[in-house]
Structures are given as structure tokens and as C-alpha cells.
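Have a look at the structure below before the remarks.
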Amino acid sequence: MRFIHTGDIHLGAHPENKREWAKDRGDEIWGTFERLIKKIKMDPVDLLIIAGDLFHRQPLLREIKEVDYLLSTIPDTKVVICAGNHDAIKKGSFYEGFQWSENVIFLEDKNIMKADIDGMDVCVYGLSYHETEIEENLYDHIMVDDIQKINILVAHGGDEKHIPMNRKKLAMSGFDYVAMGHIHKPEIDEKNKMAYCGSLEPIDMNDMGERGYIYGEVSKHGLELEFVPFARRIYKEIAFTVTPTVTNLEIRHKLADLMKENGEENMFKVILDGYRDPDFEMNIADICQTGNIVSVSDKTVPDFDFEELYEDNHDNILGMFIGRYLDQGQLDELDQKALYYGTKALIDAMED
């Protein structure tokens, strides 16, 4: 049986919404989900698993209808959905009583339920969140009813506030695959026949690296899994080494080149390191305007002339501090950093 395992799609989220370049991120998240459905329409799989947090918050009725329409366009693919902690089925939720298309199975109960998929000899287990936090280990004591079938568990959670999981117990429960959601970083655990699909699109700057879905093939004879990158854009980290002669314009121009090399449509955390002129003032605000930059970490240190500083300050605390290091001769990397940062701190204190 061929399947696609996705989840943590977070329709309705608007990441980086205060940044002009990200004003369409909410539409992009919807667009990536639609693109995935179109891919399945062109190359059908037997099963599509959506392992929770389809929506970023309580969905509107029109939003559920839009999703259901999309899923109805892949009638040859069975779809299994559960609600996660973000779109938990609370009182008055439009999830309640919604009539999904014939190919969709919504695991709406707050307790573990199972659904046999007609014509596929497959049984899917799972539950939906009815509150945003569940601290009970609800998945740890499930056992499959019929080991002759292909048994799949859809499990959203994995931390102390959202259904903690014991992977060893799950591995002994008889499931041929455990499709996990909630953790946004993709992870394949072939040994225990389980995987986190990760988020389909990155939702905030903590979602570093590739995002996509899991493609799998499962039978009673084995399991094969593959992570497929699919996000419209991702968060990346790039480092730029500053020199004592650098200017703000040079930083901006070279960063622009680096971002182009790394896909300028992506979103970047910039780390500045190296040694700068002590009198050089970094213009972080201008640097942030260079491209899709979400943060700039300035880890540069002033390129001090320690001999000159010592001569000018040998009779005060700054000179005594520098002198202790100069007396040591060759310094290792840790001592060099201590000397640079300590000197900067003392100079700043003296200026104040």
C-alpha cells in the first residue's frame, strides 16, 4: 500500500506577518496544501494521512468546506484526519457533525477509535484532541485487534503536555506504521516503524531546514519511508565573517549574494562573526532590509590593539586585565574570546 503522511499544515497561520515580504505567507501555506492534493491527483496513492493540526486554530466552516472540496478531488485516495492541539474539537467547533466526502475518514473521538478501510485490508487507529493539552499517555497501551491486517496508528503528540509517547511500547503494540504529528521537525525512525512528517511549511523561525511530507510503502512484509521536501520556502541559517575593514554596504551586498546562492525566496537567520574595527558601528536595521531576514545575531568582537591599550591603561583595571593575558603568550581560542569580550565590557563600563 502506498501512502503519504503529512500533518501540522496549520492552515490559517500567517508567519512573519509583520514583514512586508511575508504578507502572502498565509496564502502560501494554503497553496502548498493545494499543491500536495494536485500531486496526489496526478499520481494517486492509496492513503493520505493528516496527523493533526490541519488548521492553526479553530477552523471556520468555510475553511473546512474548502479542505473537503480539495480532498473530494482525489476520490481514489482514502484520507484519514485527526484534530491536533491547535485545532482541537472544542464546544461549538465546526468539526462537530461535519459531513466529509466519502473518501474521508475523520477520527473525531477523544478516545482511541479504529476505522477499517474497505477494500484495502487496512485498519487505522487514532483520536482527536478535544482540549489543547493532554498529559495522559493515551497511545502507550494500544494493541492491534487483527495482526493480519495492515495496522496504522495516527498519533499527534510526543511531549509532556501533548500525549507523551513511549516509543518502545508503541513499537511492541503491533502497528505496521505509526504516523506521528505535532513535532515540526521531520524524523524517520525505521527501527520502530514510525515517523514524524514535520510541518508541510515552516510555521516560525524555529522550524529550520527542509519541510515536506513522508512518502511510504507498507505491507505485512515491510515498510519503506522517504522524506520528500515540499515547502514553498524554508528557514535557513547563513554566516558572514566580518573583517576589520568591512563596511555596512559591503555586508549588505555580500549577504545579498549569499542569500541568492541559498535561494533568495527562503527566510534567513543571519549570524555575523569575526573581528571588526573597534570604531565601526554595525547598522543592523539596514542589514535586515537586505532580503527575507528574520533575525541578525552580531557575534563579532572588536579588533583591539591590545599592546597599545595596555600601554595607555597599565595603571587601571583595564590594563591589569589585558596584562594577565599578554603575560601568557600564545592564547587558545577560549582565552582569546575571553580577552576580547572582557576588554569590550571594561571599555564600555569605563565609557559609561
Side-chain angles (χ1 to χ4, degrees), residues 15-22 159-160 184-185 202-209 233-352:
E16 313 296 346
N17 63 342
K18 293 182 180 180
R19 305 178 193 276
E20 178 62 25
W21 53 262
D159 62 37
E160 62 181 11
H184 286 192
K185 183 178 181 180
I203 303 304
D204 61 42
M205 68 171 67
N206 294 316
D207 292 350
M208 297 291 293
R233 60 174 96 196
I234 62 175
Y235 287 97
K236 282 189 170 186
E237 189 174 272
I238 55 175
F240 179 81
T241 300
V242 169
T243 64
T245 61
V246 79
T247 67
N248 280 299
L249 273 177
E250 181 182 356
I251 293 173
R252 291 177 59 188
H253 290 173
K254 290 187 175 179
L255 274 179
D257 291 340
L258 281 172
M259 287 186 285
K260 191 171 184 179
E261 291 172 13
N262 284 274
E264 59 188 348
E265 75 281 359
N266 291 319
M267 302 166 288
F268 298 95
K269 286 184 177 181
V270 175
I271 298 175
L272 303 173
D273 58 16
Y275 299 97
R276 56 179 169 77
D277 188 302
D279 297 322
F280 176 62
E281 293 186 8
M282 196 94 64
N283 193 328
I284 300 297
D286 277 358
I287 292 172
C288 287
Q289 300 302 312
T290 306
N292 301 343
I293 295 176
V294 296
S295 69
V296 176
S297 298
D298 181 7
K299 297 185 177 180
T300 63
V301 292
D303 188 34
F304 294 115
D305 184 334
F306 291 107
E307 295 284 353
E308 182 178 337
L309 278 173
Y310 176 72
E311 289 299 324
D312 292 342
N313 296 274
H314 65 274
D315 57 351
N316 61 33
I317 189 172
L318 175 59
M320 288 187 285
F321 174 78
I322 295 173
R324 286 206 305 268
Y325 285 93
L326 294 182
D327 290 343
Q328 295 179 34
Q330 188 70 28
L331 301 177
D332 61 25
E333 183 177 356
L334 186 61
D335 283 337
Q336 286 180 356
K337 287 184 177 180
L339 174 58
Y340 275 96
Y341 288 120
T343 300
K344 183 180 184 305
L346 286 170
I347 289 175
D348 289 344
M350 292 167 67
E351 289 177 349
D352 290 341

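Considering Thr245, Thr243, Thr300 in turn, Thr300 is the only one that fulfils the side chain to side chain donor-acceptor pair (under 3.5 Å) rule with Arg276.
For the atom pair CG (Asp305) and OH (Tyr310), the distance works out to 14.0 Å, reported to the nearest 0.5 Å. Here the CD-CD1 distance, from Glu237 to Ile271, works out to 3.5 Å after rounding to the nearest 0.5 Å.
Using a distance-only test at 3.5 Å, with no hydrogens or angles considered, a donor-acceptor pair links the side chain of Asn292 to the main chain of Asn266. A donor-acceptor distance shorter than 3.5 angstrom exists from the side chain of Arg19 to the backbone of Val294, with no hydrogens or angles considered. Lys269 places a side-chain N or O within 3.5 Å of a backbone atom of Met205 that can act as its donor or acceptor partner. Under the 3.5 Å distance criterion, the side-chain polar atoms of Lys254 are left unmatched by any main-chain donor or acceptor of Phe240. When atom types are taken as modelled, the side chain of His253 and the backbone of Glu250 share no donor-acceptor pair closer than 3.5 angstrom. Of the possible donor and acceptor atoms, one in the side chain of Asn248 sits under 3.5 Å from a partner among the backbone N and O of Glu281.
Within the 4.5 Å cutoff, the side chain of Phe304 has heavy atoms near those of the Ile347 side chain. Taking the side chain as every heavy atom from C-beta outward, Leu272 and Ile287 approach each other to under 4.5 Å. In this structure the side chain of Ile251 reaches within 4.5 angstrom of the side chain of Met282, judged on heavy atoms.
With a 6.0 Å radius and a threshold of 12 heavy atoms from other residues, nucleotides or ligands, Leu331 has its CG atom above the threshold.
For the residue pair Tyr341 and Lys299, the shortest heavy atom distance occurs at OH-O, 3.5 Å. Heavy atoms only, all atoms of each residue included: His314 and Glu311 are closest at ND1-O, 3.0 Å. For the pair Asp303 and Pro244, the tightest heavy-atom approach, listed with the atom from each and the gap, is OD2-CG, 3.3 Å. The two residues Pro15 and Pro202 make their nearest non-hydrogen contact at CG-O, 4.2 Å. Shown here for Arg233 and Trp21, the closest heavy-atom pair between the two residues is NH1-CE3, 3.9 Å. For Asp204 against Tyr235, the heavy-atom pair with the smallest separation is O-CE1, 2.9 Å.
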Next on the checklist: Show, in sequence, the C-alpha distance, side-chain angles and deciding distance for Tyr340 and Phe306, and conclude whether the ring pair (Phe, Tyr, Trp, His ring centres under 6.0 Å) test is met.
Outcome noted: CA-CA 9 Å; Tyr340 275 96; Phe306 291 107; 5.0 Å; yes
